[in-house]
Visitor: 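Mind having a look at this structure? Questions to follow.
Heavy-atom basis, side chains included; hydrogens, waters and symmetry copies ignored.
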Amino acid sequence: MKKVVKFGGSSLASAEQFQKVGKIIRQEEARRYVVPSAPGKRFPKDTKVTDMLYSCYHLAIQEKKFEAELAQIKARFQEIIDGLELSLSLEEEFKVIRENFSKKVGRDYAASRGEYLNGMIMAEYLGFEFIDAAEVIFFDENGNFDGAKTQSVLSERLAHTERAVIPGFYGMAADGRVKTFSRGGSDVTGSIVAKAVHADMYENWTDVSGFLIADPGVVKNPKAIDVITYRELRELSYMGASVLHEDAIFPVRKEGIPINIRNTNLPEDKGTLIVEATCRKPRFTITGIAGKKDFASITIEKAMMNAEVGFCMRVLDVFAKNNISIEHMPSGIDTMTILVHQDEFEEKEQKVLAGIHRAVEPDLVEMESDLALIAVVGRGMKSTRGTSGRIFSALAHANVNVRMIDQGSSELNIIIGVRNHDFNNAIKAIYDIFVTIQV
Ligand code: ASP
């Protein structure tokens with residue numbers, strides 16, 4: 001059994017957190033490949049080391065003094081080293097970093113040093129081999145992740161390495177310089193490593209016990225999701241639920257490797273298991289609820305619209321030409337509604353309106369703003385009758401007026417449009433009917 005374990009910044013923010021992580025890794029022989037983030041926040045108002053590195057490098061490129069800022073970063077690492085009673089010295093490393101900052105070798109290089117140094121400390125602490133990610137993770141000439149090259153180099157290297165620490169977030173660009181993924185990218189590294197070693201599991205350790213059924217900012221103490229499929233996760237992430245970097249899914253999904261989101265501070269919690277498919281019955285009919293506010297709707301009405309070939313295409317073309325992406329498009333016999341992001345749409349509104357008039361000569365065009373979309377997602381909905389009935393009676397009881405309904409053809413989700421100000425009440429009502437009352 002082989003597991004890749006990735007630890008997020010808050011799991012590695014201090015020596016105390018490192019000790020928790022060490023305990024978790026030593027608990028299971030299978031936890032052989034470790035991917036650390038840079039030290040994150042120790043307390044809410046603290047600054048992540050990655051952000052400290054970005055600001056420090058910003059001073060360097062402006063040719064301002066950056067010594068004091070770099071010393072603060074060094075102190076963050078030294079505090080961890082001292083707390084763990086390690087004899088590791090980062091003196092030489094910081095000399096090189098200082099020189100490279102003065103030479104302005106790149107913003108990505110600067111940011112990556114958080115993971116690089118944390119990886120060195122982690123390897124020393126665990127007695128694992130340290131592998132610099134710049135030697136095993138590659139990007140191509142266009143700056144995209146080079147999966148083929150990485151797979152061949154990384155899998156070859158790890159085939160000969162029993163236990164290793166590979167820092168997250170960065171790799172090497174085609175020109176030999178250090179390049180990072182986008183923010184939160186250590187999740188992606190973990191997934192790439194899991195693929196390279198054909199891991200049985202990719203454990204992603206963070207500071208929450210997995211995905212929650214609903215946003216805790218809206219529903220008080222929502223329950224966690226125990227098992228979720230990649231497709232369900234995609235629907236929920238699209239609607240704003242976030243724990244994992246989006247790109248972290250692709251490498252492992254192709255290999256059928258499950259991801260387990262776990263909580264470093266509550267290691268007994270089972271967390272959320274993300275799988276390709278499962279025959280395990282979901283605990284509730286719905287897997288999760290997520291939503292976003294601030295959409296605008298454009299409703300177009302025209303008698304006999306359904307008989308007019310190419311009507312939708314011409315309307316959509318107007319949006320495409322104005323570079324506006326469409327979020328949803330419920331339609332009736334003589335009407336179609338298009339939902340777009342309000343901020344993206346507002347300034348182009350009149351141009352779009354004129355375009356629609358020219359393209360399809362509608363009888364009426366109506367617009368509405370301040371709408372919210374809520375996605376109710378669940379593989380269990382397919383086999384359960386009356387799900388939408390229950391959703392809408394719950395919303396009616398909560399006095400929420402439903403503006404739009406769109407059931408995905410996969411029967412995996414139902415999207416509901418409500419007014420922005422009904423957003424929280426709507427989510428609470430749906431959560432209660434499926435989870436609190438557990439019908
Ligand atoms: N340290 C990087 C960030 O703060 C990457 C990561 O933590 O995954 O975005």
Side-chain angles (χ1 to χ4, degrees), residues 210-242 272 278 280-297 299 326-333 335-340 368-439:
F211 288 102
L212 300 172
I213 295 180
D215 180 352
V218 176
V219 173
K220 216 166 142 203
N221 290 329
K223 288 199 165 51
I225 299 172
D226 41 11
V227 183
I228 186 168
T229 65
Y230 286 118
R231 284 171 68 211
E232 289 174 311
L233 179 65
R234 172 100 183 94
E235 300 279 353
L236 288 173
S237 321
Y238 183 68
M239 273 296 182
S242 72
T272 300
T278 176
R280 275 196 250 177
K281 270 209 153 154
R283 195 146 53 119
F284 309 104
T285 308
I286 60 161
T287 303
I289 316 162
K292 280 190 204 165
K293 286 185 182 173
D294 298 329
F295 289 94
S297 72
T299 300
I326 290 168
E327 291 299 311
H328 277 281
M329 206 178 67
S331 61
I333 300 172
T335 62
M336 69 183 282
T337 300
I338 292 174
L339 280 127
V340 294
E368 204 179 329
S369 57
D370 297 328
L371 295 173
L373 291 178
I374 297 170
V376 186
V377 176
R379 59 190 183 280
M381 299 197 307
K382 208 170 182 169
S383 49
T384 319
R385 257 180 302 149
T387 309
S388 34
R390 270 159 56 203
I391 295 176
F392 298 116
S393 78
L395 292 176
H397 275 108
N399 249 329
V400 172
N401 186 12
V402 176
R403 315 294 311 217
M404 183 213 83
I405 307 162
D406 192 3
Q407 174 161 23
S409 41
S410 58
E411 279 190 68
L412 195 67
N413 65 357
I414 296 175
I415 311 262
I416 301 151
V418 298
R419 307 231 43 140
N420 270 350
H421 65 76
D422 283 330
F423 183 74
N424 285 9
N425 276 345
I427 292 184
K428 273 189 218 144
I430 300 169
Y431 180 88
D432 281 343
I433 196 82
F434 288 104
V435 182
T436 315
I437 305 174
Q438 285 196 33
V439 218

Visitor: Tell me the closest heavy-atom pair linking Pro282 and Gly380, and the distance in Å.
Guide: CG-CA, 4.0 Å
Visitor: Taking side chain as C-beta onward, heavy atoms only, is Lys223 less than 4.5 Å from Phe284?
Guide: yes
Visitor: Looking at His421, I want to see if its NE2 is surrounded by more than 12 non-hydrogen atoms of other residues, nucleotides or ligands under 6.0 Å.
Guide: yes
Visitor: Are Ile374 and Ile289 close enough, and set up right, to give a side-chain contact (heavy atoms from CB on, under 4.5 Å), and what steps lead you there?
Guide: CA-CA 7 Å; Ile374 297 170; Ile289 316 162; 3.6 Å; yes
Visitor: Measure across Ile338 and Met329 and return the closest heavy-atom pair with its distance rounded to 0.1 Å.
Guide: CG1-CG, 3.8 Å
Visitor: Between Asn401 and Asp422, is there a side-chain donor-acceptor contact under 3.5 Å, judged purely by atom types and distance?
Guide: no
Visitor: Of the non-hydrogen atoms in Ala429 and Leu395, which two are nearest, and what is the gap between them?
Guide: CB-CD2, 4.4 Å
Visitor: Rounded at 0.5 Å granularity, tell me how far OG1 in Thr436 sits from CD1 in Ile213.
Guide: 9.0 Å
Visitor: Going by an N to O cut-off under 4.0 Å, is there a salt bridge joining Lys292 and Glu327?
Guide: no
Visitor: Could you walk me through whether Glu368 and Arg403 pass the side-chain contact (heavy atoms from CB on, under 4.5 Å) check?
Guide: CA-CA 10 Å; Glu368 204 179 329; Arg403 315 294 311 217; 2.9 Å; yes
Visitor: Could you give the distance from CG (Asp294) to CZ (Phe423), rounded to the nearest 0.5 Å?
Guide: 9.5 Å
Visitor: Got Thr278 and Arg379 here, is their nearest side-chain heavy-atom distance under 4.5 Å?
Guide: yes
Visitor: Is the closest side-chain heavy-atom distance between Leu236 and Ile228 below 4.5 Å?
Guide: yes
Visitor: Show your working on side-chain contact (heavy atoms from CB on, under 4.5 Å) between Ile416 and Ile391 and close with a plain yes or no.
Guide: CA-CA 10 Å; Ile416 301 151; Ile391 295 176; 3.5 Å; yes
Visitor: Apply side-chain contact (heavy atoms from CB on, under 4.5 Å) to the pair Ile427 and Asp215, showing each step before the final yes or no.
Guide: CA-CA 9 Å; Ile427 292 184; Asp215 180 352; over 6 Å; no
Visitor: Hey, could you give me the CZ/OG1 distance between Arg385 and Thr387, rounded to the nearest 0.5 Å?
Guide: 10.5 Å
Visitor: Sequence neighbours left out, what passes side chain to side chain donor-acceptor pair (under 3.5 Å) with Thr335? Give chain and number order.
Guide: none
Visitor: Within the 4.5 Å heavy-atom criterion, are Ile415 and Met239 side-chain neighbours or not?
Guide: yes
Visitor: Counting only N and O atoms by type, is there a donor-acceptor contact under 3.5 Å from the side chain of Thr272 to the main-chain atoms of Phe211?
Guide: yes
Visitor: What is the minimum heavy-atom distance between Leu373 and Gly417, and which atoms define it?
Guide: CD2-CA, 4.0 Å
Visitor: I need the Leu339 CG to Asp406 CG distance, nearest 0.5 Å.
Guide: 8.5 Å
Visitor: Please name the pair of heavy atoms, one in Ala214 and one in Tyr431, separated by the smallest distance, quoted to 0.1 Å.
Guide: CB-CD1, 4.1 Å
Visitor: So does Glu232 get a backbone contact from the side chain of Glu235, meaning a donor-acceptor N/O pair under 3.5 Å?
Guide: no
Visitor: What are the two closest non-hydrogen atoms of Ser388 and Ile414, and how far apart are they?
Guide: CB-CD1, 3.9 Å
Visitor: Just how far is it from atom OG1 of Thr337 to atom CE of Met404, taken to the nearest 0.5 Å?
Guide: 8.5 Å
Visitor: Considering only heavy atoms from C-beta outward, does the side chain of Asp432 approach that of Ile430 to under 4.5 Å?
Guide: no
Visitor: Got a second to check how far Asn425's CG is from Arg419's CZ, nearest 0.5 Å?
Guide: 14.5 Å
Visitor: State, with a plain yes or no, whether a side-chain heavy atom of Leu412 is found less than 4.5 Å away from one of Arg231.
Guide: yes
